[in-house]
Amino acid sequence: MKYFYILFFTFSLAAQQTKKVDFIQCDALVQPDFSEKTIKGKVTYTFEVLSTIDTIRMDAVRIDFKNVIINNKEVVYKNSGKELLLFEGFTKGNNTLSFTYEAKPKQTLYFTGDFDSAQSDNFTAQIWTQGQGKNTSHWLPSFDDVNEKVIFNLTVEFDKDFEVLSNGILTSIGEYPPLSSDNKVWYYKMHKPMSSYLVMLAIGNFEKQTTRTKSGTTLEFYSDKKDVSKFEPTFRYSKQMFEFLEKEIGVKYPWEVYRQVPVRDFLYAGMENTTSTIFSQDFVVDSIGFNDKNYLNVNAHELAHQWFGDLITAKESKHHWLQEGFATYYALLAERNVFGDDYFYNQLYQSALELKQANSYDSIPILNEKASSLTFYKKGAWALHVLRTNVGAKNFQKAVQNYLKKYAFKNVTTDDFLAEIQKISRYDVASFKKNWLENPTFNLEEAIGYLVQNESVNQLVEFGKTNKHLSNEALFDKFKTMIQSKVYYTVKQEIVYETQNLTEAQQLDILKLALATNDTKVRQAVAEVLSRIPSSFKNDFETLLNDPSYITKEIALFRLWTNFEADRDRLVALSKDWTGLNYNLKLAHLTLAIVGSNDNPVAREKAVHELETYTQLPYEVSVREPALETLIKLGKISDVVLEQLIDASLHHKWQFVKFAKDNIRVLISNDEFREKFILLKDKLNPTQKERIDYFLKETA
């Protein structure tokens, strides 16, 4: 109970302040230091005191302040380590606050890669932020309360060889005396207010491409300079989706520019910072990788947030679905515009199955601050689909337009939105709220009713109902007819999976027809389902090695290697120069080279050493973790592996940290590896040594 009381008390203080003090604008010069992992700055806030208040609070986590001045007079202040507390110098009406500060953030502002390699081919240095919710106060004194909206203008001083991105329009790049001759200053300006968590920085070795939408918005696309060839597949359909969402939402894009930049080892898929989305480098793909893992959905999701989250922001966490549910649903609508109705309805069907399965363990409804991401995102999207279907697309659009215009640059609740729905229709919003927003369970049967109007979903739903009552011959004939028909690929995938209920001869006949569809996803299902490959099917199966899918190629490679021992050396040689998606094919090749023939121990050891390189920088976590996992599973645990596990346990990505900790604890409990960790300490830096001591003490 004490924990919840503290949360409520903190929120109450913040809510109380926004009623009495309005912070209007922040003008900040910030100076990140990569080598020291610090940031310092000089900040000026303008604010208005609306009514009497004893203490003004600004969130500032582990930040040191100097020269705190209010209305041109230095004032006494208190720094609690979490807040800057001001209690003198301000008056009712307009005020100015200025200060200098310095911080060494433990989170939110991340320094990744190797700055010393800036002039080499392994250039990896980046600085970027992730302030989701309330964390900007770790690097910029600001406001964790999302209801305090401010116009943020950032000026950034940094090394001239880098590209520096922030929110708003880049007005100029120049000098800001006194400056090092190696530095430049980037001037960014916003014209409208936003919540502090949406303030961003991204600094790196970026290349830019631009285009302009029909409505006149400039779109800026960035990538690492080494990935210029991947611009088109990475940002494919971006302009089309932007123009679609602007038309579908019915409110012009509310900001002056929209830029997107990928960064290394980002914490999430993407983050909708106002005007400037940051997303994961994992989505930077070539044309083949596009078929396996593309940026489209994340792209549209973060763009939709520019309206739902940035323009209007939920007042508190229980209304979080107003951001994530809307962004998820409008992203699906944007993908529908690209891929068609069948794609749209099949995506909703898959999320409905996922939500139904979650009923057994996820019992918190949408309108609860403790609801899961699955609930806020996918159940929220489903609630909107139900609402849009029942009131009609035109009425729904009109309500959304009114909602966005009425509350632009303000904060909202669920009832604010439902009131706009009520105004344009006679729809029973009270029942909707009860059934979809306050009900902890997901009604699959009702959901299916909204989907079966689409023939592909109807076929998928009906597909399995009669199969168990059919003889093998009848089932075979049914599958044969459908696999050659024009049914949507998800139905054909299901047919492939169901062939396991046929005789081997019947299964192979259907799988040959599945391969003949030339549909990448259907052919991938063949690779997945056939673990034992008959010799008669070998040539057919080998065609999967040429598919435009790195995932399919990896599955097929391992399947063939397992089934045909005589071909192992050929398969290893064939895959030698493959790279794949996040190096999946390179790691697969090295794995097979290590566990292959014992006739060439030199080649095997060479493969081990090469695989070890992928456990280290400059490679990302998405490469390092599977490389480490492979070496551990193969028993190839050298000092390099142990050192990289220690390094991983200090990483900023919690998933990588957990992976490392779990493996270190297993290894260090073994006397042999415990001794190796102890001997390794002499080769490591103080931070790494301290980390080993932590694990040694923990398992003593």
Side-chain angles (χ1 to χ4, degrees), residues 237 290-294 296-297 331-357 378 381-382 385 389 444-530 537 540-541 543-544 546-549 551-552 555-556:
Y237 301 116
F290 180 90
N291 297 326
D292 292 319
K293 181 180 182 178
N294 60 63
L296 254 72
N297 184 266
L332 283 175
L333 290 174
E335 287 188 296
R336 180 187 197 174
N337 180 253
V338 173
F339 296 128
D341 282 358
D342 288 343
Y343 178 89
F344 173 75
Y345 284 106
N346 274 269
Q347 289 295 307
L348 281 172
Y349 178 61
Q350 293 303 320
S351 68
L353 295 178
E354 188 177 359
L355 287 162
K356 173 63 176 178
Q357 186 178 21
K378 294 189 177 182
W382 251 105
H385 183 64
T389 302
L444 180 62
E445 291 71 26
E446 183 179 351
I448 294 298
Y450 288 94
L451 299 179
V452 292
Q453 60 179 294
N454 176 262
E455 184 59 25
S456 69
V457 174
N458 186 50
Q459 289 170 336
L460 195 58
V461 170
E462 294 296 323
F463 174 74
K465 288 185 177 180
T466 58
N467 288 350
K468 61 183 177 182
H469 302 298
L470 297 177
S471 66
N472 264 22
E473 283 302 321
L475 197 60
F476 172 69
D477 290 339
K478 176 183 178 180
F479 288 177
K480 186 175 181 180
T481 299
M482 293 187 73
I483 202 76
Q484 295 180 91
S485 72
K486 294 183 178 180
V487 296
Y488 196 56
Y489 82 88
T490 54
V491 181
K492 295 182 179 182
Q493 280 181 311
E494 195 61 31
I495 291 170
V496 170
Y497 298 137
E498 290 289 327
T499 59
Q500 296 174 92
N501 298 322
L502 301 174
T503 67
E504 181 178 288
Q506 290 172 333
Q507 181 185 35
L508 295 181
D509 282 347
I510 298 298
L511 294 186
K512 283 186 179 183
L513 293 174
L515 292 177
T517 65
N518 289 324
D519 184 289
T520 302
K521 296 297 184 183
V522 176
R523 287 172 60 86
Q524 187 174 108
V526 175
E528 292 170 340
V529 79
L530 201 60
F537 198 70
D540 297 285
F541 197 90
T543 64
L544 294 167
N546 300 316
D547 272 26
S549 164
I551 293 175
T552 301
I555 297 169

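Only a predicted model underlies this, so the values are computations on that prediction, with no experimental measurement involved.
Counting heavy atoms from C-beta on, the side chains of Tyr237 and Glu335 never come closer than 4.5 Å. The closest side-chain heavy-atom distance from Leu333 to Asn337 is not below 4.5 Å.
The minimum heavy-atom distance between Thr517 and Ala514, with the atom names listed, is OG1-O, 2.6 Å. When every heavy atom of Leu508 is checked against every heavy atom of Leu530, the shortest pair comes out as CD2-CD2, 4.4 Å. In this structure, Leu348 and Leu451 approach most closely via the heavy-atom pair CB-CD2, 3.8 Å. Of all heavy-atom pairs between Ala556 and Leu544, the closest is CB-CB, 3.8 Å. In terms of heavy-atom proximity, Val452 sits nearest to Asn458 at O-CB, 3.5 Å.
Scored by the side-chain contact (heavy atoms from CB on, under 4.5 Å) test, Gln500 finds Gln507, Val529 as partners (sequence neighbours excluded). Asp547 meets the salt bridge (charged side-chain N to carboxylate O under 4.0 Å, His left out) test with Arg523; sequence neighbours excluded.
Sorted by first then second residue, the salt bridge (Lys or Arg N to Asp or Glu O under 4.0 Å) pairs that include residues 481-495, not counting sequence neighbours, number zero.
The environment of CD in Gln357 is sparse: at most 12 heavy-atom neighbours from other residues, nucleotides or ligands sit within 6.0 Å. The neighbour count for Lys480 NZ, taken as heavy atoms of other residues, nucleotides or ligands under 6.0 Å away, does not exceed 12.
Thr520 contributes atom OG1, which lies 11.0 Å from atom CD1 of Ile551 (distance to the nearest 0.5 angstrom). Here the CG atom belonging to Leu475 is positioned 7.5 Å from the CD atom belonging to Glu498, to the nearest 0.5 angstrom. Considering CG of Leu502 and CZ of Phe479, their distance stands at 5.5 Å, rounded to 0.5 Å.
Under the 3.5 Å distance criterion, with hydrogens and angles disregarded, a donor-acceptor pair is assigned to the side chains of Glu473 and Gln506. Side-chain N/O atoms of Glu455 and Tyr488 include no donor and acceptor closer than 3.5 Å. Using a 3.5 Å distance cut-off with no hydrogens or angles, the side chains of Ser456 and Asn346 do pair a donor with an acceptor.
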Please determine whether side chain to side chain contact (heavy atoms under 4.5 Å, CB included) holds for the pair Leu513 and Asp509, giving the CA-CA distance in whole Å, both sets of side-chain angles, and the decisive distance to 0.1 Å.
CA-CA 7 Å; Leu513 293 174; Asp509 282 347; 5.8 Å; no
For the pair Val496 and Ile510, evaluate side chain to side chain contact (heavy atoms under 4.5 Å, CB included) and give the outcome as yes or no after the intermediate values.
CA-CA 7 Å; Val496 170; Ile510 298 298; 5.7 Å; no
Evaluate side chain to side chain contact (heavy atoms under 4.5 Å, CB included) for Glu504 paired with Phe537, printing each intermediate quantity in order.
CA-CA 11 Å; Glu504 181 178 288; Phe537 198 70; over 6 Å; no
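Residues Tyr489 and Tyr343 keep their aromatic ring centres 6.0 Å or farther apart.
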